[in-house]
Amino acid sequence: MENRKSSGVKKFHKPVNRPNKADFIFGINSVVETLKSEKEIDKILLLKDMKHVEEIETLARNRGIPVQKVPQERLNRVTMKNHQGAIAFVSSVNFAQLSNVVTSVFESGETPLVLILDRITDVRNFGAICRSAECSGVHAVVLPARGAAQINGDAMKTSSGALSFIPVCRESDLMNTVKYLKNSGFQVVSCTEKGNDVVYDVDFTLPTAIIMGSEEDGITDSLIGESDYKAQIPLKGKVESLNVSVAAGVILFEAVRQRS
């Protein structure tokens, strides 16, 4: 028998993050019935080139729910059970209407503070940001309909329950959302290293919408261009950026400091 010496190097395999069973529904009939119910759905995966799913696509389009056409392997990574080429990811929260939230805050005599998350895809980052948002008195968290983290059990856990208390709004077009907020009297502050403003110089006692950007490439250039401030967080070390959830906490609690 051949003797092989260990190299002494341990191999670590990247864990596969699978959704909790309660976070998705599979099967054509089950997905159709869920779409007809009042359950909030994050997105739907359909097998690419699958026929006879017009009802799913029509119901999803009418509710503004994203549909992705994907290969069999993508569906099988979610579940190996008989999904029939259709999986719906169910949200753990009920989405709010942003216009209703804004109207309610103004009518209550408070100064609104809204947080817009542009393509934050990491579930734990999202949950941590929502925890800071709830603790800092943010009135609503706004997400794009496409390209956002799934609001599942992991997000709820990371938020320490904050997602049960803070309104979450899903918008199909963040540019239109920013324009609506500006027309409603908000100043818009992009937290980005691409600007010359400093977060501590912004007057957060005014109605404010803060934009935080993607972990990969930051805030979309068009949203930065529509912002009133492009505000940096001053950094003293050699690392050039903060994790987005940490950066969100810094700017949100600067708003708290000024409003206290």
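Index from 1, following the sequence.
Below 30°, between 30° and 60°, or above 60°: for Phe186 and Phe106 the angle between ring planes is above 60°, a perpendicular geometry.
To the nearest 0.5 angstrom, Ser136 atom OG is 8.0 Å from Ile210 atom CD1. Here the straight-line distance linking atom CZ of Arg119 with atom OG of Ser214 works out to 4.5 Å at 0.5 Å rounding. Residue Glu40 holds its CD atom at 9.0 Å from CD1 of Ile151, rounded to the nearest 0.5 Å. Note: Leu252 CG to Glu134 CD = 11.5 Å, rounded to the nearest 0.5 Å. Atoms NZ and CD, on Lys39 and Glu33 in that order, are 12.5 Å from each other to the nearest 0.5 Å. Separation of atoms CD1 (Ile120) and CD (Glu216) is listed at 10.5 Å; rounding is to 0.5 Å.
Transitive grouping of hydrophobic side chains (ILVMFWY, heavy atoms separated by less than 4.5 Å) keeps Val93 and Ile65 in distinct clusters. Linking Ile, Leu, Val, Met, Phe, Trp and Tyr whenever their side-chain heavy atoms come within less than 4.5 Å puts Val53 and Phe24 in one cluster. In the hydrophobic cluster analysis, where Ile, Leu, Val, Met, Phe, Trp and Tyr join through side-chain heavy atoms closer than 4.5 angstrom, Val246 is grouped apart from Val123. The cluster map of Ile, Leu, Val, Met, Phe, Trp and Tyr, joined by side-chain heavy atoms under 4.5 Å apart, puts Val188 and Val138 in different clusters. Grouping the Ile, Leu, Val, Met, Phe, Trp and Tyr side chains by contacts below 4.5 angstrom, directly or via other members, places Ile211 with Leu181.
A donor-acceptor pair shorter than 3.5 Å can be found between the side chains of Ser160 and Arg131. In this model, no donor atom of one side chain and acceptor atom of the other lie less than 3.5 Å apart for Asp23 and Gln150.
Considering all non-hydrogen atoms of both residues, Ile224 and Ser190 come closest at CA-OG, 3.9 Å. Nearest heavy atoms, Ser30 versus Ile25: CB-CG2, 3.5 Å. Annotation for Phe204 and Arg259: closest pair O-NE, 2.6 Å, computed over non-hydrogen atoms. When all heavy atoms are compared, the tightest approach of Arg74 to Lys43 is NH2-NZ, 3.9 Å.
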Item to check | Chi angles and distances behind the side chain to side chain contact (heavy atoms under 4.5 Å, CB included) call for Glu110, His139 | outcome: CA-CA 10 Å; Glu110 295 184 68; His139 295 99; 3.1 Å; yes
Checklist entry - Between Leu115 and Met212, does a side chain to side chain contact (heavy atoms under 4.5 Å, CB included) hold up when you go through it step by step? => result CA-CA 8 Å; Leu115 181 62; Met212 304 300 302; 3.8 Å; yes
Checklist entry - Step by step, would you call Glu193 with Leu235 a side chain to side chain contact (heavy atoms under 4.5 Å, CB included)? => result CA-CA 10 Å; Glu193 72 281 359; Leu235 302 178; over 6 Å; no
Checklist entry - For Asp122 and Val244, what are the C-alpha separation, side-chain angles and deciding distance, and is it a side chain to side chain contact (heavy atoms under 4.5 Å, CB included)? => result CA-CA 10 Å; Asp122 184 276; Val244 65; over 6 Å; no
